[in-house]
2 protein chains.
Amino acid sequence: MSTIKDVAKKANVSIATVSRVINGLGGVKPDTEKRILKAIKEMNYLPNHLARSMVKKRTDTIGVIVPDITNPFFPEVIKGIEVSARKHGFTTFLANSNESVAEESRILHVLRKRRVDGLIVTTSNELESPLLQFESDEIPIVLLDRDIEGSSYDAVIIDNVGGAYAAVKHLITEGHSQIGLIAGPSSVTPGRDRTKGYLKALKDFGIQVNPDYIREGDFKEESGYRLGSELLSMPSPPTAIFSCNNLMTLGLLKYIQDQGLRLKEDVTVIGFDDLDIANFIKPPLTVVSRPMRYMGEVAANLLIDRINGLESTEPRKIVLVPQLLVREP
Amino acid sequence: MSTIKDVAKKANVSIATVSRVINGLGGVKPDTEKRILKAIKEMNYLPNHLARSMVKKRTDTIGVIVPDITNPFFPEVIKGIEVSARKHGFTTFLANSNESVAEESRILHVLRKRRVDGLIVTTSNELESPLLQFESDEIPIVLLDRDIEGSSYDAVIIDNVGGAYAAVKHLITEGHSQIGLIAGPSSVTPGRDRTKGYLKALKDFGIQVNPDYIREGDFKEESGYRLGSELLSMPSPPTAIFSCNNLMTLGLLKYIQDQGLRLKEDVTVIGFDDLDIANFIKPPLTVVSRPMRYMGEVAANLLIDRINGLESTEPRKIVLVPQLLVREP
DNA sequence: TTGTAAGCGTTATCAC
DNA sequence: GTGATAACGCTTACAA
């Protein structure tokens, strides 16, 4: 692989001049420039970004850590991040923590050794997040979807309380009063807040909370299936269930299907986050949906702001609003 | 951010000695080592991987280019790649080309500037792939899912002909002879080969090919919907359709649903690649399925072999076998 | 308009 | 055991 030195030699100039044309700094005689460009092409020269990063103390890279890349929510978010990153000349390091704190910690370590300019992370566990051990000023970080309470990081989140409230209110309006909850893990905001929204709706409409109707899952499909089974096997099962994320909803629907139960007639379901299958099942599924790609773009923009020197004003917490997608026929 | 120099100063040794303990090279007095370790911890020192990469001429990074990260096939593959990469001490740069040759080319450029040690790529278009312009010896490359015919790159692919053949044969066995095809783009092997399998099955069972029954899509949902509509609006529509990937199948099913058609009774469908919804629709969907995560692992292993100096034996083409998942009740 | 040379933070090769 | 020091391939004053 040829270097700037080789190019310089071939074009009969100094490496400084080559550097000038590579970076389009101007102040180079057109003639020389042409010669250099020709040499570059002929040698198939590609600047070494590592070397550049070393002297500039900047890698033009942002690290992205998501907890579950197979949850369709994240690929959409990632797309948004990439669009925005690319627009500003950044490349992304994407990693998957698998909802594991240990893994998240390992990834963080790797990315910092590689001197990413900033991080976008959906932490696996707010309460024991590896991010807590950071000097917050070390490197810009934007939290995505899951805030860390009391942290000074920027964050892009959703009004989970509001979204859940709307969903449960909808169920109540339809006449349900025995409403089960397949909750997310209480270790992360979306888990906690969606439960809050559920409780608030019940309270506002004067429905007594039945603790047996509340089951905590882990945002994965299996837990939706299992908790659905628990809820629906109760002596007096709920007539409706609000499931707190797409994957758990999927599990729940599978259970319902396996048992030969009928949606709506036997049990009504509403889920947080849209699903491919929502349109296929009969009746179609009403869900709380949110602007995934946009969340990614916003997160990237916040981060790039910081990287480009926006100094420590207050942490910015951007709260986006989800939408109830009513699909009753 | 502290450097090896700072640590050396604090521990009262030379940077060479610090480097020794960082890299566990031994030959350092236990006493000195302890002092150095202490300094490292106190200063929160993190080795600069960029600097290391420069002198070692190796980044321990592999670039991964996929054409559509929102196609659930790829996140699974990526997971496999990551597992294997991590096991061998590599980090991955993941990028999404969006089925665009131009974008793929751009990404390739970026990744090469960053001196990734190797690449795993699912090219957006075999015939005009940017990979074709490479000196094949420049950097190890493993093709995933989409081979480039005549190339000398290693590849991990699926027996697409066989998978498609099994699917169509299944339809024929069930009594269909008017079988439509929603094909993949002919610019990539999976597209072409699945069509080949379709044609072979028809031929083997003595069914005449109706060119009007063959429509080429782009592996995206919208094309499945559109082509489904075209096929099913024909004066004499097919009684069964084989759809060549998950997303197009999804689109096709949506069309069928929108039109109020009944699966099996009005039209039978088989898809290549499994789908979440396959188990939900009635009757459940039979599909051709394949070991996604394993494909990723194998690809990463092939690549790492090369990176670690496996010299140019023949290109290795690994062909994995898909499975027909019959879901008739 | 162009060149010289001092870094950037490591690893690796010699000496001592 | 340990320390100097020359790379690695760039950018960027500062000179010329």
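Phosphate contact (OP1/OP2 of C/dG9, side-chain N/O of A/Lys57, threshold under 4.0 Å): present. Within the structure, a side-chain polar atom (N or O) of B/Ser14 is placed less than 4.0 Å from OP1 or OP2 of D/dG3. Between A/Lys56 and D/dT12 there is a side-chain polar atom (N or O) within less than 4.0 angstrom of OP1 or OP2.
Distance B/Ile36 CD1 to D/dT2 C1': 10 Å, rounded to the nearest Å. Remark: C1' of C/dA12 and CZ of B/Arg58 are 17 Å apart, rounded to the nearest angstrom. One interatomic measurement links the two molecules: NE2 of B/His49 to C1' of C/dC8, which rounds to 17 Å at whole-angstrom precision. Rounded to whole angstrom, the span from the CG atom of B/Asn12 across to the P atom of D/dT2 amounts to 12 Å. The distance from atom CG of B/Asn48 to atom P of C/dG9 is 7 Å, rounded to the nearest whole Å. The interatomic distance linking A/Lys34 (NZ) with C/dT1 (C1') rounds to 16 Å, in whole Å. Remark: P of C/dA5 and CD1 of A/Ile4 are 17 Å apart, rounded to the nearest angstrom. Atom CZ in B/Arg114 sits about 16 Å away from atom C1' in D/dG9, given to the nearest Å.
Of the residues near DNA chain C, A/Arg35 and B/Arg52, the one whose nearest nucleotide (by heavy atom distance) lies more toward the 5' end is A/Arg35.
Applying the ring pair (Phe, Tyr, Trp, His ring centres under 6.0 Å) criterion to A/Phe90, with sequence neighbours excluded, gives no partner residue. Scored by the ring pair (Phe, Tyr, Trp, His ring centres under 6.0 Å) test, B/Phe73 finds no partners at all (sequence neighbours excluded).
Of all the heavy atoms in A/Asp147 and A/Glu126, the pair that sits closest is O-CD, 2.6 Å.
For residues 16-32 of chain B, proximity to DNA chain D is found at B/Ala16, B/Thr17, B/Arg20, B/Gly27, B/Val28, B/Lys29, B/Thr32, defined as any non-hydrogen atom under 4.0 angstrom from a strand atom.
As judged by a 4.0 angstrom heavy-atom cut-off over every strand, A/Leu50 is placed among residues making no nucleic acid contact.
Looking at B/Asn48 and A/Arg112, their side chains never bring a donor and an acceptor atom within 3.5 Å of each other. Between the side chains of A/Asp117 and A/Thr61, not a single donor N or O lies within less than 3.5 Å of an accepting N or O.
Here the side chain of B/Thr3 is nearest to one of C/dT10, D/dG9, C/dA5, namely C/dT10. For A/Val13, taking side-chain heavy atoms from C-beta onward, the closest of the listed nucleotides C/dG3, C/dT10, D/dG9 is C/dG3.
The only option from A/Thr59, A/Ile107, A/Val116, A/Ile65 that meets the side chain to side chain contact (heavy atoms under 4.5 Å, CB included) definition with A/Phe93 turns out to be A/Val116. Screening B/Glu128, B/Glu104, B/Arg146 for a side chain to side chain donor-acceptor pair (under 3.5 Å) with B/Thr123, the sole residue that qualifies is B/Glu104.
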